[in-house]
*Asks:* 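Below you'll find the structure I mean.
Since we're looking at a predicted model, the values are computed, not measured. Along the sequence shown, the residues carry numbers beginning at 1. Atoms within each ligand, like the ligands themselves, are counted from 1 in listed order.
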Amino acid sequence: MDLKSLIRDIPDFPKPGIMFRDITTLLRDAEGFRYTIDTMAEKCSGLNVDFVIGMESRGFIFGAPLAYQLNAGFLPVRKPGKLPAPVHCVEYELEYGTDKLEIHQDAAAPPARVLIIDDVIATGGTAAATAQLLAQMGCELAGFGFIIELTGLEGRKKLPDVPIVTLVEY
Ligand code: AMP
């Protein structure tokens, strides 16, 4: 299936010079969405994961059905102040300033193997920060999965040396 034909390109969003890869057009296509989850699950099945982590908010959309398919649990990583129980927190660099991500401290414990999922890897900052949260929990990072990789930004260079599964490259 040609997933690229289901992903909409929006120039200059959210600011001039950015080509936004819009996955809402993929999500609304029943066959395309099913193919995306099934293919990602197939490619990740050998990683033997106990949990899938998805980052707020588009990581939730792909991470939850993927966890279901892999017979794994789903762990949300959220923006600050959203999770009710005690959290681990990581601060990471953005183009301008910094941002924070949080996960529940008791979300998972060693020897759990965890797969990190997001819709897009751009600079890799978000995924690298999430890997740090996992390290704080002492869990094992089994790999990363991204529907879309923006290869020119070389985000994968920021990530630890584990398998990285991607479905579409720009
Ligand atoms: P980064 O931390 O730079 O790898 O950015 C990853 C996050 O930003 C992902 O959660 C994406 O949803 C979003 N993102 C970055 N660049 C784009 C883009 N060109 N199109 C769509 N989403 C993007």
Side-chain angles (χ1 to χ4, degrees), residues 1-29 32-33 35-37 39-41 43-44 49 51-67 74-83 87-104 107 114-137 141-170:
M1 178 170 308
D2 180 15
L3 285 184
K4 262 191 190 173
S5 69
L6 294 174
I7 295 164
R8 176 164 56 183
D9 300 330
I10 312 256
D12 300 320
F13 182 88
K15 50 186 182 186
I18 303 286
M19 178 64 83
F20 193 84
R21 309 297 177 176
D22 176 23
I23 48 95
T24 64
T25 42
L26 166 62
L27 296 172
R28 77 177 179 202
D29 187 282
F33 186 33
Y35 174 86
T36 302
I37 299 301
T39 308
M40 188 56 93
K43 292 188 176 207
C44 294
V49 301
F51 297 100
V52 173
I53 283 188
M55 290 86 104
E56 182 173 358
S57 57
R58 274 170 276 152
F60 293 178
I61 299 173
F62 294 103
L66 182 67
F74 177 75
L75 313 178
V77 161
R78 300 210 62 181
K79 304 275 167 63
K82 305 272 191 180
L83 291 170
V87 293
H88 290 302
C89 183
V90 66
E91 191 166 356
Y92 65 105
E93 303 277 326
L94 295 175
E95 196 178 347
Y96 304 105
T98 62
D99 210 346
K100 286 181 184 163
L101 288 174
E102 294 182 347
I103 193 165
H104 275 147
V114 184
L115 172 66
I116 295 176
I117 293 289
D118 206 357
D119 64 333
V120 175
I121 177 166
T123 66
T126 311
T130 305
Q132 282 181 45
L133 283 177
L134 208 55
Q136 287 185 50
M137 294 195 294
L141 176 59
F144 294 91
F146 306 99
I147 311 308
I148 298 168
E149 179 176 12
L150 307 180
T151 53
L153 295 173
E154 301 188 322
R156 59 169 67 220
K157 284 192 177 164
K158 281 210 186 84
L159 305 184
D161 186 20
V162 293
I164 302 172
V165 175
T166 63
L167 301 186
V168 180
E169 292 177 3
Y170 290 94

*Asks:* Which heavy atom of the protein is the closest neighbour of atom 16 (N) of ligand 1, given with residue, atom name and distance?
*Replies:*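 Its nearest protein heavy-atom neighbour is A122 CB, 3.6 Å.
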*Asks:* Considering heavy atoms of the protein only, find what lies nearest to atom 19 (N) of ligand 1 and give residue, atom and distance to 0.1 Å.
*Replies:*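 Atom 19 (N) of ligand 1 sits closest to the protein heavy atom M19 O, 3.0 Å.
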*Asks:* Could you check whether E102 pairs with K82 (Lys NZ or Arg NE/NH1/NH2 to Asp/Glu carboxylate O, under 4.0 Å)?
*Replies:*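 Not counted as a salt bridge, because no side-chain N and carboxylate O are separated by less than 4.0 Å.
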*Asks:* Could you check if a side-chain atom of I23 sits within less than 4.5 angstrom of a side-chain atom of I148, using non-hydrogen atoms only?
*Replies:* yes
*Asks:* Less than 4.0 Å between a side-chain N and a carboxylate O, is that true for R21 and D9?
*Replies:*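 Result for this pair is yes, salt bridge flagged.
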*Asks:* At under 4.0 Å between heavy atoms, is it the side chain or the backbone of L150 that contacts ligand 1, or both, or neither?
*Replies:* side chain
*Asks:* Can you confirm, on distance only, whether ligand 1 has an N/O atom lying under 3.5 Å from any N/O atom belonging to G124?
*Replies:*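 Yes, at least one N or O pair falls under 3.5 Å.
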*Asks:* Looking at atom 20 (N) of ligand 1, what's its closest protein heavy atom, distance included?
*Replies:*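 The answer is R21 N, 2.9 Å.
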*Asks:* Would you say G155 contacts ligand 1, with heavy atoms under 4.0 Å as the rule?
*Replies:* no
*Asks:* Just checking, any donor-acceptor pair under 3.5 angstrom between side chains of E93 and T98?
*Replies:*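 Result is no, nothing qualifies.
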*Asks:* Indicate yes or no: at least one non-hydrogen side-chain atom of T36 is less than 4.5 angstrom from one of L26.
*Replies:*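 In contact.
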*Asks:* Could you identify the single nearest non-hydrogen protein atom to atom 12 (O) of ligand 1 and state the distance to 0.1 Å?
*Replies:* D119 OD1, 2.8 Å
*Asks:* Checking contacts here: is it the side chain or the backbone of M55 that comes within 4.0 Å of ligand 1, counting heavy atoms only? Could be both or neither.
*Replies:*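 The answer is neither.
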*Asks:* Atom 2 (O) of ligand 1: which protein heavy atom is closest, and how many Å away?
*Replies:* T126 OG1, 2.6 Å
*Asks:* Kindly indicate whether the side chain of F60, heavy atoms from C-beta on, has any atom under 4.5 Å from the side chain of F74.
*Replies:*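 Side-chain contact under 4.5 Å: yes.
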*Asks:* To check your reading of the model: name the closest protein heavy atom to atom 13 (C) of ligand 1, its residue, and the distance in Å.
*Replies:* R58 NH2, 4.2 Å
*Asks:* Testing V168, T39, D29 for side-chain contact (heavy atoms from CB on, under 4.5 Å) with L3, which one passes?
*Replies:*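 Result for side-chain contact (heavy atoms from CB on, under 4.5 Å) with L3: V168.
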*Asks:* Please compare F20, Y92, F13 and report which has the shortest non-hydrogen distance to atom 21 (C) of ligand 1.
*Replies:*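 Closest candidate by heavy-atom distance is F20.
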*Asks:* Quick check: do D12 and F20 have side-chain heavy atoms less than 4.5 Å from each other?
*Replies:* no
*Asks:* Specify whether the nearest protein heavy atom to atom 8 (O) of ligand 1 is under 4.0 angstrom away.
*Replies:* no
*Asks:* In terms of residue, atom name and distance, what is the protein heavy atom nearest to atom 3 (O) of ligand 1?
*Replies:* T123 OG1, 2.5 Å
*Asks:* What residue and heavy atom of the protein are closest to atom 10 (O) of ligand 1, and at what distance?
*Replies:*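 The closest heavy atom on the protein side is D118 OD2, 2.8 Å.
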*Asks:* Side-chain contact, heavy-atom cut-off 4.5 Å: V114 with L141?
*Replies:* no
